[in-house]
Structures are given as C-alpha cells and as structure tokens.
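Here the structure is laid out as structure tokens; the discussion comes afterwards.
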There are 2 protein chains.
Amino acid sequence: MKISSVITDTQKKTARYAKALGHPVRMYVMDLLSKQSCCYSGDLTEELPIAKSTLSQHLKELKEAGLIQGEIESPKIKYCINKENWAEAQQLFKSFFNL
Amino acid sequence: MKISSVITDTQKKTARYAKALGHPVRMYVMDLLSKQSCCYSGDLTEELPIAKSTLSQHLKELKEAGLIQGEIESPKIKYCINKENWAEAQQLFKSFFNL
DNA sequence: ATATTTGTTCGTAATTTAACGAACAACAAT
DNA sequence: ATTGTTGTTCGTTAAATTACGAACAAATAT
C-alpha cells in the first residue's frame with residue numbers, strides 16, 4: 001500500500017484524527033474536553049453506560065491519536081486535552097471544510 | 001441506561017461523519033470533492049494505487065455515510081458531493097471545533 | 001454479434017475494532 | 001498490615017474493516 005505517493009501528509013493526518021473521533025463515546029469525551037479541557041476518568045465511567053475497561057480502551061485510543069493526555073492525581077487520573085494537537089486538528093478540519 | 005441517553009444525536013452524527021472520513025483514501029476523495037464537487041470514479045482509479053474493487057468499497061462507504069452520491073453517465077459514473085449532508089457535516093465540525 | 005470499457009459484487013483472508021469481566025497494580029486510608 | 005479506590009491490562013469473543021483478484025453486469029463501440 002504505497003498511498004504515500006498520491007495522498008498528502010495533511011490528508012493522512014486529518015484522516016488519523018477523524019478516525020479517532022469516529023466513535024460516539026470518543027466523540028462524547030472530546031466534546032466534553034473541548035468545553036472544559038479536563039475531566040476525571042471516573043466521572044466518565046459514571047456517566048457512560050460502558051464497562052470501565054472499555055472506556056479505558058477508548059481513552060487509550062484518543063491518547064495514541066494525540067488528542068488527550070493523562071495526568072496522575074492519585075488515586076485518580078485527570079484527562080486533559082492535548083492543546084497543541086487539538087489546535088492542529090482544528091486547523092486541519094477548518095481547512096478541510098473550508099471554514 | 002443506554003448510550004442514547006447520554007450521548008447526543010449530534011455527537012453520534014458527528015462521529016458517523018468522522019468515521020467515514022477516517023481513512024486516507026476517503027479523506028483524499030472528499031478533499032478533492034470539496035474543491036471541485038464532482039469527479040469520475042475512473043480518474044480516481046488511475047490516481048490511487050489501490051484496486052478498483054477497493055476504491056469501489058470506499059466510495060460505497062462515503063455514499064452510505066451520505067457524503068457523496070453517484071450519477072450514471074454511461075459508461076462512467078460521476079461522483080458528486082452530497083451538498084446537503086456536506087453542509088451538515090461542515091456545521092457539525094464547525095461547532096465541535098468551535099470554529 | 002462481439003468486443004471493450006466501466007464499475008460493482010463475490011469470495012476470501014488478514015487485521016483491527018469493540019466489548020466484557022476478571023485479574024492486577026498503584027496508591028490512600030484505616 | 002489490611003482494606004478500598006481507581007484505572008489499566010489480560011484473555012476472550014464477535015463483528016467490522018481493509019484489501020485483493022476474479023467474476024459479473026451494463027452500456028458503448030466495433
């Protein structure tokens with residue numbers, strides 16, 4: 001798969017962010033974080049009707065996509081938006097959608 | 001407690017569009033269509049280093065997500081952006097990213 | 001009538017995603 | 001030292017995704 005020749009890095013980056021946002025739970029989390037920038041994983045577990053292990057997986061994906069980062073506040077973990085990458089995603093989608 | 005009770009329709013819709021855009025090939029196609037609104041499937045086959053059957057699958061997904069629609073211009077098929085849904089997606093991401 | 005062009009569908013295979021409960025690790029509180 | 005809280009990791013399962021070539025269908029061109 002030599003997509004690299006035709007598809008630009010920008011398109012690949014945008015697709016990567018889109019993929020991370022392509023699930024209702026992850027969209028919910030990012031929607032929340034875009035408004036308050038931080039939240040506790042425990043709060044999400046209470047709100048969302050999914051197993052904590054499932055939530056953990058979704059948070060991991062958002063982390064790997066670079067959209068969030070976790071800060072340890074024992075015994076809790078505070079999840080915050082990754083401002084730098086969030087700004088990048090913002091810019092990418094802004095351009096993509098001609099906003 | 002179902003997902004439907006916590007996660008809004010807006011979030012689900014946005015996630016659905018995001019998912020459709022979450023692949024480099026589909027991002028490439030939509031990026032093109034956002035600029036010229038229509039294109040021939042055959043042109044894409046030439047440009048992209050993937051089998052035509054694979055491309056067909058990706059186009060089908062974009063169609064099912066409501067982002068594009070095909071018009072028969074025998075023997076070719078002209079793919080066009082679905083303006084109504086594209087506008088919706090634009091709006092959804094605009095709100096989501098606070099643009 | 002036959003061949004060509006165009007794109008979808010079929011059959012298949014490998015990989016990824018999504019979900020759960022159980023087990024585990026880290027740390028606080030008792 | 002033991003208990004409780006919090007969240008990750010493990011093991012498993014089912015379903016979806018991605019990809020390909022071959023076969024097919026529809027329409028045009030020869």
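First the proteins, then the strands, lettered A, B, ... as listed; each starts at 1.
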Taking only N/O atoms, report every protein-nucleotides 6-11 of chain D pair under 3.5 Å with atom names and distance.
unit_1	atom_1	unit_2	atom_2	d
D/dG7	OP1	A/Gly42	N	3.4
D/dG7	OP1	A/Ile77	N	3.2
D/dG7	OP2	A/Gly42	N	3.1
D/dG7	N7	A/Lys52	NZ	3.2
D/dG7	O6	A/Lys52	NZ	3.1
D/dT8	OP1	A/Tyr79	OH	2.3
D/dT8	OP2	A/Ser56	OG	2.6
D/dT8	O5'	A/Ser56	OG	3.2

**Complete:** Residue set satisfying salt bridge (Lys or Arg N to Asp or Glu O under 4.0 Å) with A/Lys78, at least two apart, ordered chain then number -> A/Glu73
**Close residues, residues 28-39 of chain B, relative to DNA chain C [heavy-atom separation under 4.0 Å]** = none
**Request:** Using whole Å, report how far CG of B/Leu48 lies from P of C/dT6.
**Result:** 16 Å
**Message:** So, using salt bridge (Lys or Arg N to Asp or Glu O under 4.0 Å) as the criterion, who are the partners of B/Glu46 when residues are at least two apart?
**Reply:** none
**Prompt:** By side-chain hydrogen bond (donor to acceptor under 3.5 Å, both in side chains), which residues pair with B/Glu88, not counting sequence neighbours?
**Reply:** B/Lys13, B/Tyr17
**Message:** If I take atom CD1 in residue B/Ile68 and atom C1' in nucleotide C/dG7, what distance separates them, rounded to the nearest angstrom?
**Reply:** 13 Å
**Asked** Who are the side chain to side chain contact (heavy atoms under 4.5 Å, CB included) partners of A/Thr54, not counting sequence neighbours?
**Response** A/Ile50, A/Ala51, A/His58
**Request:** Check whether any side-chain N or O of B/His58 sits under 4.0 Å from OP1 or OP2 of D/dA19, and answer yes or no.
**Result:** yes
**Item:** Other residues, nucleotides, ligands: >12 heavy atoms within 6.0 Å of B/Gln36 CD
**Value:** yes
**Prompt:** Roughly, in whole Å, what's the span from CD in B/Glu73 to C1' in D/dT28?
**Reply:** 14 Å
**Asked** What residues, two or more places apart in sequence or in another chain, satisfy side chain to side chain contact (heavy atoms under 4.5 Å, CB included) together with A/Ser41?
**Response** A/Thr45, A/Leu55, A/Leu59, A/Tyr79
Between side-chain atoms of residues 90-99 of chain A and protein atoms elsewhere (two or more places apart, or another chain), which donor-acceptor pairs fall under 3.5 Å?
unit_1	atom_1	unit_2	atom_2	d
A/Gln90	NE2	B/Phe97	O	2.8
A/Gln91	NE2	A/Ser95	OG	3.3
A/Ser95	OG	A/Gln91	O	3.1

**Message:** Tell me every residue that passes salt bridge (Lys or Arg N to Asp or Glu O under 4.0 Å) with A/Glu64, counting only those two or more places apart in sequence or in another chain.
**Reply:** none
For nucleotides 13-17 of chain C, give me every protein contact, N/O to N/O, under 3.5 Å, one pair per line with atom names.
unit_1	atom_1	unit_2	atom_2	d
C/dT17	OP1	A/Lys19	NZ	2.6

**Item:** Set of salt bridge (Lys or Arg N to Asp or Glu O under 4.0 Å) partners for A/Lys19, sequence neighbours left out
**Value:** none
**Prompt:** With A/Gln69, which residues qualify under side chain to side chain contact (heavy atoms under 4.5 Å, CB included), at least two apart?
**Reply:** A/Asn82
